[in-house]
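Written out below as structure tokens is the structure these notes cover.
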Amino acid sequence: MDDNVEDTLKWLPSIALFGGLEEPTLKRVVAMMGVHHFEPGREVCRQDEAGRSMFLIRSGEVVVCRGSGDHRIKMVRMGSGEFFGEMTLIDVQKRSATVLVEQPALLYSLSNRDLYRLFQEDPPGYVMILQNLCRELSRRLRATNQRLQSLAEEHEDSDRTLIRPAIRPIDL
């Protein structure tokens, strides 16, 4: 962790993922976090690669992109207090997006091993982080559902499904 641990301890509870944590848990989490400095243009993580850590943005700005090469689509821009890569803490799937640094960034990382260690050392803190993570994933899913609905309305296509084909009854 960086030299300014006290400042980080004051800041961390303002992040949804760490809300409601007791001070001993916050101190434990801060001690686990890695510190990373990135310059503009650098990749923090790449779509389809294995991941083991999520990242919390302390300062700077990143862009989450999907696709590759000339077909890269900017999905969302994130700044201080936001986090990404959290899915890698939950499942063993490859990264779902590439994250590029837009403005010089200070990022903190928390790995799946760190989370497992928290589970072993502080089960109530672990549960609180998982609950907060589930709330954030639910919020993001709701926002995505709203966006999908808006796209369907723009294309006046209420007969098709957007995420997967409709289930068809089996002919007997």
Side-chain angles (χ1 to χ4, degrees), residues 1-2 5 8 11-12 15-19 21 25-145 147-148 161-165:
M1 180 48 53
D2 65 352
V5 172
T8 303
W11 177 72
L12 209 56
I15 310 308
L17 185 61
F18 302 105
L21 293 179
T25 301
L26 286 169
K27 286 181 176 180
R28 186 174 274 120
V29 169
V30 167
M32 291 177 179
M33 289 182 165
V35 178
H36 312 272
H37 297 271
F38 289 93
E39 293 302 318
R42 294 272 318 274
E43 278 184 358
V44 178
C45 55
R46 181 177 293 171
Q47 183 176 329
D48 294 327
E49 288 185 345
R52 291 183 180 80
S53 297
M54 63 156 292
F55 295 89
L56 173 63
I57 306 168
R58 176 59 190 211
S59 63
E61 189 174 279
V62 302
V63 175
V64 179
C65 306
R66 295 235 344 129
S68 60
D70 294 339
H71 296 98
R72 192 172 273 172
I73 298 170
K74 292 180 179 181
M75 304 296 288
V76 65
R77 188 173 303 276
M78 300 178 122
S80 180
E82 296 184 279
F83 56 90
F84 59 91
E86 69 285 346
M87 293 188 320
T88 197
L89 299 181
I90 297 169
D91 63 22
V92 292
Q93 302 296 314
K94 294 183 178 184
R95 297 262 188 207
S96 65
T98 297
V99 178
L100 301 170
V101 176
E102 288 277 307
Q103 295 177 8
L106 170 59
L107 307 179
Y108 299 149
S109 64
L110 188 65
S111 73
N112 52 10
R113 287 184 185 199
D114 296 329
L115 198 59
Y116 182 69
R117 195 166 92 221
L118 186 64
F119 165 73
Q120 292 174 316
E121 297 173 1
D122 183 356
Y126 170 81
V127 169
M128 181 63 76
I129 287 176
L130 284 187
Q131 286 179 324
N132 290 341
L133 184 57
C134 288
R135 284 185 196 103
E136 179 62 19
L137 290 172
S138 180
R139 186 193 69 75
R140 290 178 183 186
L141 181 57
R142 287 179 193 279
T144 300
N145 286 343
R147 182 67 179 131
L148 287 171
T161 56
L162 295 174
I163 298 175
R164 62 181 171 89

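Computed from a prediction, not measured in an experiment: that's the story for all the values here.
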- Item | Worked verdict on Tyr126 versus Gln120 for side chain to side chain contact (heavy atoms under 4.5 Å, CB included) | CA-CA 9 Å; Tyr126 170 81; Gln120 292 174 316; over 6 Å; no

- Task: Show your working on side chain to side chain contact (heavy atoms under 4.5 Å, CB included) between Leu12 and Met33 and close with a plain yes or no.
- Result: CA-CA 11 Å; Leu12 209 56; Met33 289 182 165; 3.9 Å; yes

- For the pair Glu61 and Lys74, evaluate salt bridge (charged side-chain N to carboxylate O under 4.0 Å, His left out) and give the outcome as yes or no after the intermediate values. CA-CA 13 Å; Glu61 189 174 279; Lys74 292 180 179 181; over 6 Å; no

- Worked verdict on Arg135 versus Arg139 for side chain to side chain contact (heavy atoms under 4.5 Å, CB included): CA-CA 6 Å; Arg135 284 185 196 103; Arg139 186 193 69 75; over 6 Å; no

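Of the possible polar contacts, one joining the Thr88 side chain to the Gly51 backbone as a donor-acceptor pair under 3.5 Å is found. For the pair Glu82 (side chain) and Leu56 (backbone), a donor-acceptor distance under 3.5 Å is absent. The closest donor-acceptor contact from the side chain of Arg66 to the backbone of Arg72 lies at 3.5 Å or more, if one exists at all. For the pair Thr98 (side chain) and Cys65 (backbone), a donor-acceptor distance under 3.5 Å is absent. Of the possible polar contacts, one joining the Thr144 side chain to the Arg140 backbone as a donor-acceptor pair under 3.5 Å is found.
Using modelled atom types and a 3.5 Å distance limit, the side chains of Ser111 and Tyr116 yield no donor-acceptor pair. In the model, Asn145 has no side-chain atom that pairs as donor or acceptor with a side-chain atom of Arg142 under 3.5 Å.
Side-chain contact between Val99 and Val63 is absent, with no heavy atoms from C-beta onward closer than 4.5 Å. Looking only at side-chain heavy atoms (C-beta outward), Leu137 and Leu133 come within less than 4.5 Å of each other. Residues Ser53 and Tyr108 have side chains not in contact (no heavy-atom distance under 4.5 Å, counting atoms from C-beta outward). In this structure, the side chains of Arg58 and Leu107 stay at 4.5 Å or more apart for every pair of heavy atoms.
Looking at every heavy atom in both residues, Val62 comes nearest to Ile57 through CG2-CD1, 3.6 Å. Of all heavy-atom pairs between Leu17 and Asn132, the closest is O-ND2, 3.0 Å. The heavy-atom pair separating Gln47 from Gly67 by the smallest distance is OE1-N, 2.8 Å. Residue Ala97 comes nearest to Val64 through the heavy atom pair CB-CG1, 3.5 Å, listed as atom of the first residue, atom of the second, then distance.
With rounding to the nearest 0.5 Å, the separation of CE in Met87 from CE in Met54 is 12.0 Å. Rounded to the nearest 0.5 Å, atoms CG (Leu89) and CG (Leu130) are 8.5 Å apart. In this structure, CD1 in Ile129 is found 5.5 Å from CZ in Phe18, a value given to the nearest 0.5 Å. Atoms CZ and CG, on Arg46 and Leu100 in that order, are 9.5 Å from each other to the nearest 0.5 Å. Rounding to the nearest 0.5 angstrom, the gap separating the CG atom in Asp114 from the CG atom in Leu110 is 5.0 Å. For the atom pair Arg117 CZ and Glu121 CD, the distance stands at 5.5 Å (nearest 0.5 Å).
A salt bridge is absent between Arg42 and Glu102: the closest approach of a Lys/Arg side-chain nitrogen to an acidic carboxylate oxygen does not fall below 4.0 angstrom. The pair Lys94-Asp48 fails the salt-bridge criterion, with no side-chain N (NZ, NE, NH1 or NH2) lying under 4.0 Å from an Asp/Glu carboxylate O.
Around CE of Met75, the count of heavy atoms belonging to other residues, nucleotides or ligands within 6.0 Å does not exceed 12. Atom CZ of Arg52 has 12 or fewer heavy atoms from other residues, nucleotides or ligands within 6.0 Å.
Taking the six-membered ring for Trp and thresholds of 30 and 60 degrees, Phe55 and Phe84 have nearly parallel ring planes, at less than 30 degrees apart.
The side-chain tip of Arg113 does not point at the ring of Phe119 from less than 6.0 angstrom away and within 45° of straight on.
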